[in-house]
Protein chains: 2
Amino acid sequence: MTAAQDLRARARADLVAAIKASAATQLASVGAAALSLRAVARDLGLASSALYRYFPSRDALLTALIVDAYDAVGAVAEQAEDAARTRGGSPGERWLAVCRAVRGWAVAHPHEYALVYGSPVPGYAAPADTVEPAVRLSRVMARVLLDAAGEGTLRVPARPLPGPRLVTPAVLEVVGGAPGAPYEDLLERSFVLLTALVGTTSYLLFGHLKEVLTDDDAWFDVAMAVAAEGVGLDLPLGPRTV
Amino acid sequence: MTAAQDLRARARADLVAAIKASAATQLASVGAAALSLRAVARDLGLASSALYRYFPSRDALLTALIVDAYDAVGAVAEQAEDAARTRGGSPGERWLAVCRAVRGWAVAHPHEYALVYGSPVPGYAAPADTVEPAVRLSRVMARVLLDAAGEGTLRVPARPLPGPRLVTPAVLEVVGGAPGAPYEDLLERSFVLLTALVGTTSYLLFGHLKEVLTDDDAWFDVAMAVAAEGVGLDLPLGPRTV
DNA sequence: CCACGGGCGAGAGCAGTGCTCTTGACGGGA
DNA sequence: TCCCGTCAAGAGCACTGCTCTCGCCCGTGG
């Protein structure tokens with residue numbers, strides 16, 4: 001009974017994986033808008049109706065792909081930061097490594113990137129499964145910044161932000177309380193790093209700066225450095241060394 | 001002949017405008033993905049095939065809407081900057097006014113915003129008609145920055161960017177040559193103002209910071225200020241005054 | 001004055017889509 | 001042995017973008 005059910009479950013999981021794999025390849029080639037359930041059914045030699053035993057709708061399949069994409073970018077960021085840290089890199093070098101890794105993944109998987117960081121049809125509510133993977137990138141950034149603050153590498157902002165804190169108590173709890181002086185506004189500033197990263201990546205990927213830059217990669221480094229200056233983090237400048 | 005042809009042309013232009021208007025309302029309600037030519041035709045009391053006399057394809061209609069959206073955001077930015085300038089605002093205040101205006105337009109027209117600054121299906125090449133409106137926002141930014149540099153309000157960056165210039169000669173020519181000392185890297189830095197603006201706007205609009213911030217509007221101002229610090233522009237801090 | 005021709009709208013039709021419903025085959029549990 | 005849940009298949013619905021052909025109307029040239 002248990003063995004049989006296990007077999008059933010395993011076969012089912014395998015087919016789910018096969019469907020996602022086929023959908024992912026089709027996604028990579030034609031994009032999300034043109035992802036067709038019937039096409040993946042044809043690819044797998046199934047009837048289109050059979051897919052509905054595994055995914056209740058096309059959007060559900062797309063959501064599964066979104067979760068995978070979030071996980072992929074999170075993993076890429078984490079291992080880039082790990083590698084830079086074991087290499088003995090400074091916080092600035094580590095964050096630059098993360099930025100480059102995320103952008104690298106984005107140019108290698110433009111459709112997947114657009115799926116997670118592109119326009120999500122404003123009426124669409126991201127399913128709860130997506131928030132955990134989405135936090136991974138934030139966690140990487142938090143670790144870099146906290147290390148920098150701990151070792152005193154983080155410059156104190158010239159103009160402290162006035163007014164009340166702007167982050168949710170829940171977020172405050174996750175990071176272990178508000179940072180102490182002189183970094184009271186670190187949280188508010190830090191998210192600028194995030195928006196700069198995905199904003200710049202999107203801007204370049206979506207072609208808004210075509211015919212404007214002579215070297216996208218070099219300028220991306222510059223943009224990350226300029227944005228990081230706003231939070232007091234010094235990224236390495238100059239030609240790529242790694 | 002001329003009068004008759006004029007009448008024909010006018011009728012045609014009116015119908016084109018009606019089609020675009022209907023498409024725009026549908027776009028605003030259901031989004032670009034669900035924009036249906038047949039629905040537009042039904043709305044106008046036409047046969048769906050009749051629309052093809054005015055737009056060769058659905059994408060062409062969408063492109064027309066994209067151009068309109070670019071124009072709208074460009075106009076909004078221009079008039080916000082004009083108003084702030086005639087009000088006697090500093091360059092920082094003027095740029096903040098532009099940022100707020102663009103974001104205000106984005107939240108008022110999320111689908112249109114997503115159309116121009118969201119994911120453009122990476123295989124898609126923006127038609128040439130879109131580059132001129134797209135430059136309007138850049139021009140507004142350039143004017144603010146050049147004014148700031150001219151009046152000496154622009155802080156000199158602490159860490160000058162090394163290496164060769166990264167902007168195209170064509171861009172250099174448009175802005176009237178490379179800026180002089182000590183602002184040699186102003187061009188390279190300035191574009192992060194742009195990516196910060198649309199990156200932050202998208203990030204907020206697309207819900208990536210939901211449940212993270214207590215006050216989106218206030219944090220948006222902070223984010224713009226932090227990003228502007230990287231280019232040496234001081235935005236006003238504190239509660240909204242205007 | 002009249003026939004021609006070009007722009008116009010309507011309709012039918014094609015190939016494709018997401019999704020639902022019903023039907024029939026298979027195999028393990030009672 | 002029978003039964004029942006699981007599965008895949010097929011037909012079908014409503015819809016899409018798009019094409020083609022058909023008549024209509026109106027202004028123009030002969």
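Note that these values count all heavy atoms, side chains included, but never hydrogens, waters or copies made by symmetry. Bear in mind that the values here come from a model prediction, so they are computed numbers and not experimental data. Lettering follows sequence order; numbering is per chain, from 1.
Regarding B:L51, its CG atom lies at a distance of 13 Å from the P atom of C:dC8, rounded to whole Å. For B:L44 and C:dG9, the CG to P distance is 11 Å, given to the nearest whole Å. Atom-to-atom, OH of B:Y54 to P of D:dC18 comes out at 17 Å; the value is rounded to the nearest Å.
Qualifying side chain to side chain donor-acceptor pair (under 3.5 Å) partners for B:R94, counting only residues two or more places apart in sequence or in other chains: B:E81, B:D147. Listed by chain and number, the residues in a side chain to side chain donor-acceptor pair (under 3.5 Å) with A:T201 amount to none (sequence neighbours excluded). Residues passing the side chain to side chain donor-acceptor pair (under 3.5 Å) test with B:W219, sequence neighbours excluded: none. Take B:Y203 and apply the ring pair (Phe, Tyr, Trp, His ring centres under 6.0 Å) test, not counting sequence neighbours, and it matches B:H208.
Side chains of B:T168 and A:T214: a donor-acceptor N/O pair is absent below 3.5 angstrom, by distance only.
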Base, backbone or nothing for each nucleotide of nucleotides 12-27 of chain C, written B, S, -, heavy atoms under 4.0 angstrom, 5' to 3'?
-B---BBBB-------
Which atom pairs, donor and acceptor, lie under 3.5 Å between side-chain atoms of residues 135-142 of chain A and protein residues at least two apart or in another chain?
| unit_1 | atom_1 | unit_2 | atom_2 | d |
| --- | --- | --- | --- | --- |
| A:R136 | NE | A:E78 | OE2 | 2.8 |
| A:R136 | NH1 | A:D71 | OD1 | 2.5 |
| A:R136 | NH2 | A:E78 | OE1 | 2.9 |
| A:R139 | NH2 | A:E132 | OE2 | 3.4 |

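Residue A:L15 is classed as a sugar-phosphate contact, given heavy-atom separations below 4.0 Å to backbone atoms only. In this structure, A:F55 reaches neither bases nor backbone, as no heavy-atom distance under 4.0 Å exists between it and the strands shown.
Listed by first then second residue, pairs satisfying salt bridge (Lys or Arg N to Asp or Glu O under 4.0 Å) with a partner in residues 188-205 of chain B read A:E229-B:R189, B:R165-B:E188, B:D185-B:R189, not counting sequence neighbours. Residue pairs meeting the side-chain hydrogen bond (donor to acceptor under 3.5 Å, both in side chains) criterion with at least one partner in residues 19-31 of chain A, sequence neighbours excluded, are A:K20-A:D68, A:S22-A:D43.
Contact annotation: A:R12 does not reach the phosphate of D:dT6 (side-chain N/O to OP1 or OP2, under 4.0 Å).
For the helix from C:dC1-D:dG30 to C:dA30-D:dT1, the rotation axes defined at the first and last 5 base pairs enclose an angle of 20°, given to the nearest 10°.
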